[in-house]
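Order of the sequence lines sets the chain letters (A, B, ...), proteins ahead of strands, with each chain counted from 1.
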There are 2 protein chains.
Amino acid sequence: MRLPVARAVEVCPVEVAVSVLGGTWKLTLVKHLLTGTKRFNELGRLVPLANTKTVTRQLRELEEDGIVQRTVHPEVPPRVEYRLTARGRSLAPLVTMMNDWGAEFAGETIRS
Amino acid sequence: MRLPVARAVEVCPVEVAVSVLGGTWKLTLVKHLLTGTKRFNELGRLVPLANTKTVTRQLRELEEDGIVQRTVHPEVPPRVEYRLTARGRSLAPLVTMMNDWGAEFAGETIRS
DNA sequence: CGGTATCCAACTAGATACTG
DNA sequence: CAGTATCTAGTTGGATACCG
């Protein structure tokens, strides 16, 4: 995981996407951000199995990769907002497909 | 990674898909299998950065999850073929999207 | 509120060598 | 050919506590 883009693309562009999106919670975070700007603890509540450290790291990597934009509002108490960039919003169809495929898979698996 | 399906789906169906498909080479293997049945070393050559151990494990997990079917032909030398199941073929649109998105991402990233 | 720091367990991945 | 065995390095994730 986290192969440099330049190498990944030589093997296969699919690898690039896996490299950028492959963190355990990344696509779920993107999914929630597709419904609008969110604050840090809001995202944390939406992904209850991940702890703050994990959420922080994955958001920072998404930021580095230009998927997410982080805005700090200098207030007390602090307010930090996360929103998708244009590149992040371009993931909408992909997230929808993964969501549908995952729901289908879970339905079949749990029935059997 | 590799959250049990039953828990993942409670959080979000996207997590299910990530759990099943999130291995570093899994989607690339699926992509190559979409073009037809392949033998073990053929797949290995198509994913040159992964070693045999890694390819083996990821194929086995895909098999457990009903994405890939493994057929051993009792010959000398041995021949083992991997093909997608119906569930595996249902990933075709997803793989295409990831491929296109990855290519786009790499293009933008390398240019800048 | 939105994180960091620390420490630690578990898993992943790779190199290399070997086998039925 | 299609793996397995062994050993090791590196990454991910989690619990808990603390900070500006």
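For dG3(C), its base never sits under 3.5 Å from the side chain of K53(A) at any donor and acceptor pair.
Put simply, the side chain of V80(B) does not reach to within 4.5 Å of the side chain of T71(B), judged on heavy atoms. Between W101(B) and L21(A) the shortest side-chain heavy-atom distance falls below 4.5 Å. Taking 4.5 Å as the limit, every side-chain heavy atom of K26(B) sits out of range of all side-chain heavy atoms of I67(B).
Rounded to an integer number of Å, the gap from CZ of F40(A) to C1' of dC1(C) is 10 Å. Separating the CZ atom of R57(A) from the C1' atom of dT4(C) is a distance of 13 Å, rounded to the nearest angstrom. Atom NE2 in H73(A) sits about 10 Å away from atom P in dG2(C), given to the nearest Å. Remark: P of dC1(C) and CD of E81(A) are 14 Å apart, rounded to the nearest angstrom. The separation between L29(B) atom CG and dA2(D) atom C1' is 15 Å, rounded to whole Å. Distance, E75(A) CD to dG20(D) C1': 15 Å, rounded to whole Å. Taking atom CD on E15(B) and atom P on dT12(D), their separation rounds to 16 Å, with Å as the unit. For L46(B) and dA2(D), the CG to P distance is 13 Å, given to the nearest whole Å.
Contact annotation for R39(A): backbone-only contact, meaning every heavy-atom pair under 4.0 Å involves sugar-phosphate atoms and none involves a base. At a threshold of 4.0 angstrom between heavy atoms, the contacts of T54(A) are confined to the sugar-phosphate backbone, with no base atom among them.
When each of P78(A) and W25(A) is assigned the nucleotide of DNA chain D with its nearest heavy atom, W25(A) is the one assigned upstream, toward the 5' end. In terms of position along DNA chain D, the nucleotide closest to L59(B) lies nearer the 5' end than the nucleotide closest to the other residue of the pair L59(B) and T52(A). Take the nearest nucleotide of DNA chain C for P77(A) and for T56(A): the residue whose nucleotide is more 5' is P77(A).
A sub-4.0 Å separation between OP1 or OP2 of dG2(C) and a side-chain N or O of R60(A) is absent. Note on Q58(A): every side-chain N or O is 4.0 Å or more away from OP1 and OP2 of dT12(D). OP1 or OP2 of dA2(D) has not a single side-chain nitrogen or oxygen of R79(B) nearer than 4.0 Å. The shortest distance between the side-chain N/O atoms of N51(A) and the OP1/OP2 oxygens of dG14(D) is not below 4.0 Å. OP1 or OP2 of dG3(D) has at least one side-chain nitrogen or oxygen of R70(B) nearer than 4.0 Å. At dG3(D), one or more side-chain N or O atoms of Y82(B) fall inside 4.0 Å of OP1 or OP2 (strictly under the cut-off).
In this structure, R79(A) places its CZ atom where more than 12 heavy-atom neighbours from other residues, nucleotides or ligands lie under 6.0 Å away.
Judged purely by atom type and a 3.5 angstrom limit, T85(A) uses its side chain to pair as donor or acceptor with the backbone of G66(A).
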